[in-house]
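These notes concern the structure reproduced below.
Residue numbers begin at 1 in each chain, while the letters A, B, ... track the order of the sequences. A quick note: this is a predicted structure, and the numbers were derived from the prediction, not measured. Keep in mind that the numbers below use all heavy atoms, side chains included, and drop hydrogens, waters and symmetry copies.
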Protein chains: 2
Amino acid sequence: MAITSHDVARLAGVSQPTVSRALRGDKRVSEATRQRVVQAATALGYVPSEAGRSLSTRTTKRVGVMVTDLTNPFYPHLIGPLHDELERRGYRMMLFAERSESAAADERLLDRSIDGVVLATATVDTALPGELSRRGMPFVFLNREAAGAGNDAAVVDNEAGGRVVAEELVRLGHRDIAIIAGPQSTTTGRDRELGFRYALAEAGIGLPAGRVRRGPFGFETGYGNLAALLSQRPAPTAVFCGNDVIAIGALNAAMRDGVRVPDDLTLIGFDDLPMAGWESFDLSTVRYDLNAMATAAAGLLVERIEGADGLDGNRRLVFPPVLVLRGTHRAR
Amino acid sequence: MAITSHDVARLAGVSQPTVSRALRGDKRVSEATRQRVVQAATALGYVPSEAGRSLSTRTTKRVGVMVTDLTNPFYPHLIGPLHDELERRGYRMMLFAERSESAAADERLLDRSIDGVVLATATVDTALPGELSRRGMPFVFLNREAAGAGNDAAVVDNEAGGRVVAEELVRLGHRDIAIIAGPQSTTTGRDRELGFRYALAEAGIGLPAGRVRRGPFGFETGYGNLAALLSQRPAPTAVFCGNDVIAIGALNAAMRDGVRVPDDLTLIGFDDLPMAGWESFDLSTVRYDLNAMATAAAGLLVERIEGADGLDGNRRLVFPPVLVLRGTHRAR
DNA sequence: TGATGATGTGCATACGTATGTCAATCTAGG
DNA sequence: CCTAGATTGACATACGTATGCACATCATCA
């Protein structure tokens, strides 16, 4: 049924290996023969079998990308640039949504159907990186990383990001400050909160337990937690959200409850997703080059794959956060 | 380096084929032997090579998904359910962003590295479906479909959706009506506009060229086209947008220009993305079961793959649209 | 007790490509 | 004109799994 290199060889009057070499541009095959082979291949509509090639070269030119919730508006902005950069470098992308069960020893990643993995989903205590290391499967952390670190990673300086938000809030005169953070099990959740806490503490401002809410990086976390935070007395005048999606959830909760932003409440997000700039939200947030970060992760991974362990140490690319002041903050 | 079934065979004291059979649950191998093999495999951490299996079975348990712009907020809601259903049925997902160049004869789809394709990106005149058919590559249309149809597809009744919007606008007393539609080259763009036109015409209302704008299904299309539409005299009092993302763009343009929605302008979208229900937008729109549609597409494709052409005719699943009236419309 | 069938395992091979090795042909230099 | 080297292509084989087929073992029944 399917056309193989043998069929091409027969038609071109050469051997199968010659077909392989001719099509791959091996200089040992003469121009005349190459022409003939190419012509035969085109005539038959020959497309080399990827499985055959993989088996022979022990390489798949495929990369896995692990994410959690695909419908979270954040991920597309990671996946888009990743896909493009991988494609540019000759790799294809397989998408894996994280399984709820043991993330360790995921057979899907170990059957040699991919050359490497982008982990965009790591929790600090996951066993997956260790497992991948033991198996010699190249990987890179994107956005989040695991605890031990010591691996390739492309991340934001989350702690600095948290700091800069706190400092701005203090500068604006806020004293009653709260946070709706991401999960403590993620570096993006933990470190943003950490930097925020540190900077507040340095300004002599506490962050009591009642002023701290946490949840997944989704709309619901912001939407569902704002009211409880605002019902405390004294009510916080500013809330830092662990990412833009949470902030947008909080913004909508404020709208629902008749809380005016920024008049009654200052809200700050993190990520500067395109939608943060929409008039509807006009969200003050923390920006970093998400696009470059994803692209860089693809680059790190491909280099690791092709570098055949020839790479020294582990490379950690840290992107600087910048405060973007739009319309959801206000001096107190 | 990597553990193969031969290694397992040696350790278990059986032949390689027996390992294969034992691990795949072939009933011809005795329970005792199976135990021994499983134990050896576990001890060595054996994971079968996907390339070897593919080569042997001529099957990859992999499905390609073609999309256009990954960062469009619409696609995640397609990809998410697709991924989950494919996984549930034992398939993995490869993600392909459409190339700008010739979509026809895409080698990435023809190297037998996937068992089938979900086309979520089809334009009415694409040559890709024909090419895939000729090659015997199973595929299914999702959301959009090509002109000739006659293939498996999971789509909304776009024309009915357009109709129901027009009828509602007429009922609300609007007479000066405009549309910001999707591309004419897509069935989602074309048919929604068509149904809208028909229903308006039946009510004796025209849709002159000046009241029609078109563009890609993105934020910018709504954001960039609303002002020109409203500057016409008489200005339209209602605008139907080809999808929610366009509508949200238009909504933001209205906000920018001080046009009050729904007081000054009625806006209707299409898709009912989760974000359409957010307080910020409170968008009146057309709902259909996007989740079920994506899931159904996965099902159609897998059945087509595994049915080995044993399927009669072509199956076209059409999901009914329902008007969801929220806060962006108003009687005239 | 010998034939029959059922059961369990090994042998051989297919799948399609890539590449190391070797042979054949050709070119050029002495 | 002969030989060394370069060029070109064929041959053989590896890659890892799955499966048709043959064979061996064992129980069963007449």
Note to self: Assuming nearest nucleotide by heavy-atom distance, tell me which of A/His6 and A/Arg28 is located more 5' along DNA chain C.
What the structure shows: A/His6
Notebook entry, point to check: Do the side-chain N or O atoms of B/Ser30 get closer than 4.0 angstrom to the phosphate oxygens (OP1, OP2) of C/dG8?
Noted result: no
Notebook entry, point to check: Looking only at side-chain N and O atoms, does A/Arg58 come under 4.0 Å of OP1 or OP2 in D/dA14?
Noted result: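 It does not, given that no N or O in the side chain of A/Arg58 lies less than 4.0 Å from OP1 or OP2 of D/dA14.
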Tell me the interatomic distance from [X], atom [atom1], to [N], atom [atom2], rounded to whole angstroms.
X: B/Glu50; N: D/dG16; atom1: CD; atom2: P; answer: 14 Å
X: A/Leu55; N: C/dT19; atom1: CG; atom2: P; answer: 13 Å
X: B/Tyr46; N: D/dG16; atom1: OH; atom2: P; answer: 10 Å
X: B/Ile3; N: D/dC15; atom1: CD1; atom2: P; answer: 14 Å
X: B/Arg112; N: C/dG16; atom1: CZ; atom2: P; answer: 7 Å
X: B/Arg53; N: C/dA14; atom1: CZ; atom2: C1'; answer: 17 Å
X: B/Arg34; N: C/dT7; atom1: CZ; atom2: P; answer: 18 Å
X: A/Asp111; N: D/dC15; atom1: CG; atom2: P; answer: 19 Å

Between [X] and [Y], does any side-chain donor sit less than 3.5 Å from a side-chain acceptor?
X: A/Asn158; Y: A/Thr188; value: no
X: A/Gln16; Y: A/Ser20; value: no
X: B/Gln35; Y: B/Glu31; value: yes
X: A/Ser113; Y: B/Arg62; value: no

[X] side-chain proximity, nearest of [options]:
X: A/Val14; options: D/dC15, C/dG10, D/dA10; value: D/dA10
X: A/Arg24; options: C/dG10, D/dG16, C/dT19; value: C/dT19
X: A/Ser49; options: C/dC15, D/dA18, C/dT17; value: C/dT17
X: B/Ser56; options: C/dT9, D/dA18, C/dT19; value: D/dA18
X: B/Pro17; options: D/dT19, D/dT17, C/dA18; value: D/dT19

Checklist line | Where A/Ala296 and A/Phe319 come nearest, the two heavy atoms and their spacing | finding: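 Here A/Ala296 and A/Phe319 meet closest at CB-CZ, 4.0 Å.
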Item checked: Sugar-phosphate, base or nothing in reach of B/Ser20, heavy atoms under 4.0 Å -> base
Notebook entry, point to check: Donor-acceptor pair under 3.5 Å: do we get one between B/Arg21's side chain and the base of C/dT9?
Noted result: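 Per atom types, no contact qualifies.
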Next item on the list: Using heavy atoms to find the nearest nucleotide of DNA chain D for A/Ala32 and A/Gln16 separately, return the residue whose nucleotide is more 5′.
Entry: A/Ala32
